Structures are given as structure tokens and as C-alpha cells.
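Every chain is numbered from 1 and lettered A, B, ... according to where its sequence line falls, protein lines coming before strand lines. The structure displayed is predicted, hence computed values, not measured ones.
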Amino acid sequence: MAKLSKTARIYAVVQQIPVSCVATYGDIAKLAGLPRHARLVGYALHALPANSELPWYRVVNSQGQLSLGKLSPAGAAEQYERLTSEGVTFTSQGRVPLKHYRWQPHPLAWEAFILNL
DNA sequence: AACATGACCCTAA
DNA sequence: CTTAGGGCCATGT
């Protein structure tokens, strides 16, 4: 196990986020077996090519906000568009209600999945 | 090699 | 609600 690089593991996890769901940077790091490496997740997504099929837009920060906003308003707009087109609704304060949309994989099923990362 | 930066998180005050 | 500090590590200079 652990054949893939940390970045590759992160991408593999993001790829598993279901439609109409979101996950936080911290969630991704933890699920990839890299607890407390949330910052690495942000860096990995930043290095992602624009034509990537990876559902990067389903990753938000721990407060349900679109972290891309301050750096790239255009990117944030695309993220908002993609999420809403999947049926995700935002609060009046522009946040995603994590209570409703946060992705939580079944522990046992996930344990089996991460073995071949 | 050291140093600074960053699509971050968590806790404490 | 806000701010501050520590933790993390790939990248660029």
C-alpha cells in the first residue's frame, strides 16, 4: 500500500465525492490517510489543470465557504455554478450548509477502499 | 540550503 | 462574531 504519492492519494479521494455532495479540505486529508494535512489538499487542487475532470468544485473549506473566492473570483463563480447545477443550495451568506451536504462515506466501505491507494 | 508563501484546519481567548 | 497562534508540507526564489 501507499504506492501513490500524497498528491495522487488526494486526487483519488476527491474523485470519490458523490454528486450533490461536498467535502472540506480537512475531510479529504483525513480520508486520504493524511490527517492534519489540509493545506496540502489546497495545494494539490491549486496545481490541478483547468481541463481536469476531477470534481474539485465539491471541496469547500471547513466553514462551508468557497476558498477560491478571494484569489480567483472567476473560479469561485464556476464552482458556485457547478454546485448549484447539481442541486446544492447556498445560505443567504453564501455558504454551503455542511449539515446537509457534507459527504460521509461508510467507515467499513471506506476502509476497504483506501487499502489500494 | 534557508526562507517565504499558500484554493487550510483547529483550538483558545 | 473576530483574532492569534501552532501545525502541516509542496513549491518557488
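At distances below 3.5 Å, at least one donor-acceptor pair connects side-chain atoms of A:Arg9 with backbone N or O atoms of A:Ala32.
Using bins of under 30°, 30° to 60° and over 60° for the plane-to-plane angle, the ring pair A:Tyr80/A:Phe90 lands in the tilted bin.
Per the geometry, CZ belonging to A:Arg36 stands 20 Å off P belonging to C:dG5, to the nearest Å. C:dC8 atom C1' lies 17 Å from atom CG of A:Asn61, rounded to whole Å. For A:Arg95 and C:dC1, the CZ to C1' distance is 12 Å, given to the nearest whole Å. For A:His46 and C:dG12, the NE2 to P distance is 10 Å, given to the nearest whole Å. For the pair A:Leu34 CG and B:dC8 P, the interatomic distance rounds to 17 Å; values are reported in whole Å. The nearest whole Å value for the distance from the CD atom in A:Gln63 to the P atom in B:dT11 is 13 Å. Between A:Arg39 atom CZ and B:dT5 atom C1' there is a gap of 7 Å when expressed in whole angstrom units.
The residue A:Leu45 sits close to a base: some heavy atom pair falls under 4.0 Å.
A distance of about 22 Å separates the P atoms of B:dA7 and C:dG7, rounded to the whole Å.
Looking at A:Arg82 and A:Glu86, no side-chain N of the basic residue comes within less than 4.0 Å of a carboxylate O on the acidic one, giving no salt bridge.
Under 4.0 angstrom from either OP1 or OP2 of C:dC8 there lies no side-chain N or O belonging to A:His37.
Within 3.5 Å, no donor on the side chain of A:Tyr43 pairs with an acceptor on the base of B:dA7, nor the reverse.
Side chain to side chain, A:Thr89 and A:Tyr101 meet the donor-acceptor criterion of an N or O pair below 3.5 Å.
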